[in-house]
Amino acid sequence: MLNRKPFVGGNWKMNTDLLSAGALARGIAAELVDRPAVDVAVFPPFPYLLSVNSILRERGAGIMLGAQDVYQKPNGAFTGEVSTEMLKDCGVKCVLVGHSERRHLIGESDDIVNRKLARSLEDGLGVVLCVGETLDQRQTGQTDAVNERQVRLGLADVSAAEMTRVIIAYEPVWAIGTGHTASPADAQDAHQKIRAVLADLYDGEVAASTRIIYGGSVKSANAAELFAQPDIDGGLIGGASLDAVEFLKIVRAAAPAGARHPA
Ligand code: PEP
């Protein structure tokens, strides 16, 4: 993974309630104070951002607060949507864009994903751009083309300087929430090809320094093997991030050898 700092994010999706979100944040924060080997972020549901933020700050845990989505306009008559400034008011530092559940269940296009990403960067947030193929696309040999298209369109008009605030999450749709994980070799292959797209879009330096993380049924039992691949810089974790002990094991699996702290 060269000198890219590993990143592990917990995407809580539409799970938890006020009490359990607080307990989960406390459970993670209790173990992660002053552990700088891995960048860790949690992405709670919108209504719990403020309370999770105050728990994380109170514990001085250095865990980044993330949001699962954002709207592409700064403010105005967009009922139900949430702006970058609102998220920043709640302590959010980074957002997910293009998660497969938003692309495939909500119907977000590459253009919308790009506009959300651009708005977030313009307003100073970090972004995790999620890409990945469906099962049908994999079975018909389109994996690399789909990833390339989603990366190129998602990053349209993003400068090399802004890329320091972008992480790409390769998340094959067929692996998300299904218990089926990409093999380490298949995941490495996809990551390497995404890195090659970055080299073509920008240059070798951007390609070598951008973190590309894997998502799709990562658990403590398979994390180490996935994160050991040279182009896999950590993970975006859904189901397994709802259990603090399991999530912490995954975070530890991402730490460079020598920095793995005890349980
Ligand atoms: C995700 O939601 O980004 C994800 C990878 O989910 P899971 O780990 O549950 O497959």
Side-chain angles (χ1 to χ4, degrees), residues 6-36 38-71 78-97 99-102 105-106 116 120 125-128 130 167 169 171 176-179 213 215-223 234-255 261-263:
F7 178 100
V8 175
N11 175 13
W12 299 357
K13 310 196 191 195
M14 200 171 74
N15 293 303
T16 68
D17 55 21
L18 186 58
L19 269 182
S20 60
L24 184 51
R26 273 186 207 93
I28 297 168
E31 285 290 324
L32 285 178
V33 178
D34 294 330
R35 308 283 193 186
V38 180
D39 282 337
V40 178
V42 293
F43 298 83
F46 287 143
Y48 310 134
L49 286 171
L50 268 180
S51 64
V52 169
N53 187 48
S54 60
I55 290 165
L56 296 179
R57 300 291 76 82
E58 191 179 284
R59 313 262 150 164
I63 297 169
M64 221 182 300
L65 185 69
Q68 297 174 21
D69 189 33
V70 65
Y71 198 57
F78 303 103
T79 302
E81 296 294 350
V82 175
S83 73
T84 50
E85 293 303 327
M86 293 170 186
L87 294 178
K88 283 159 62 180
D89 273 349
C90 297
V92 166
K93 301 283 186 250
C94 62
V95 295
L96 300 182
V97 300
H99 190 279
S100 77
E101 286 146 19
R102 298 211 60 88
L105 299 178
I106 316 281
K116 290 183 172 194
S120 302
L125 290 166
V127 178
V128 178
C130 306
I167 292 172
E171 300 202 294
I176 296 182
T178 59
I213 61 175
S217 297
V218 176
K219 325 179 227 333
S220 60
N222 57 25
L236 185 58
I237 320 300
S241 72
L242 295 172
D243 176 331
V245 173
E246 177 70 0
F247 183 65
L248 288 163
K249 284 186 190 164
I250 295 170
V251 171
R252 282 181 206 112
H261 44 82

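These values consider heavy atoms only, across backbone and side chains, with no hydrogens, waters or symmetry-generated copies.
Here the CG atom belonging to D69 is positioned 11.0 Å from the NE2 atom belonging to H99, to the nearest 0.5 angstrom. Separation of atoms CE (M14) and CD (Q68) is listed at 10.0 Å; rounding is to 0.5 Å. F43 CZ to L49 CG: the interatomic distance, rounded to the nearest 0.5 Å, is 10.5 Å. Interatomic distance, L242 CG to N11 CG, rounded to the nearest 0.5 Å: 8.5 Å. Considering OG of S20 and CG of N15, their distance stands at 8.5 Å, rounded to 0.5 Å. A distance of 10.0 Å separates CG of L32 from CG of L56, quoted to the nearest 0.5 Å.
Two residues are said to be in side-chain contact when any heavy atoms from C-beta on lie closer than 4.5 Å; I176 and E101 meet this criterion. Residues P6 and I213 have side chains not in contact (no heavy-atom distance under 4.5 Å, counting atoms from C-beta outward). Side-chain contact between P44 and T16 is absent, with no heavy atoms from C-beta onward closer than 4.5 Å.
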* Audit row: R252, E31, salt bridge (Lys or Arg N to Asp or Glu O under 4.0 Å) steps and yes/no -> CA-CA 11 Å; R252 282 181 206 112; E31 285 290 324; 3.5 Å; yes
* Walk me through it: do M64 and C94 pass the test side-chain contact (heavy atoms from CB on, under 4.5 Å)? => CA-CA 8 Å; M64 221 182 300; C94 62; 3.7 Å; yes
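Nearest approach of G91 to N53, heavy atoms of both residues: CA-ND2, 3.8 Å. Counting all heavy atoms, side chain and backbone alike, I250 lies closest to A240 at CD1-CB, 3.8 Å. For the pair C90 and L50, the tightest heavy-atom approach, listed with the atom from each and the gap, is CA-CD2, 3.8 Å. Taking each heavy atom of L24 and A244 in turn, the nearest pair found is CD1-N, 3.6 Å. For V218 against A223, the heavy-atom pair with the smallest separation is CG1-CB, 3.9 Å. Across all their heavy atoms, S241 and I237 have their closest contact at OG-O, 3.2 Å.
The closest donor-acceptor contact from the side chain of N222 to the backbone of S217 lies under 3.5 Å.
Environment of NZ in K93: sparse, with no more than 12 heavy atoms of neighbouring residues, nucleotides or ligands closer than 6.0 Å.
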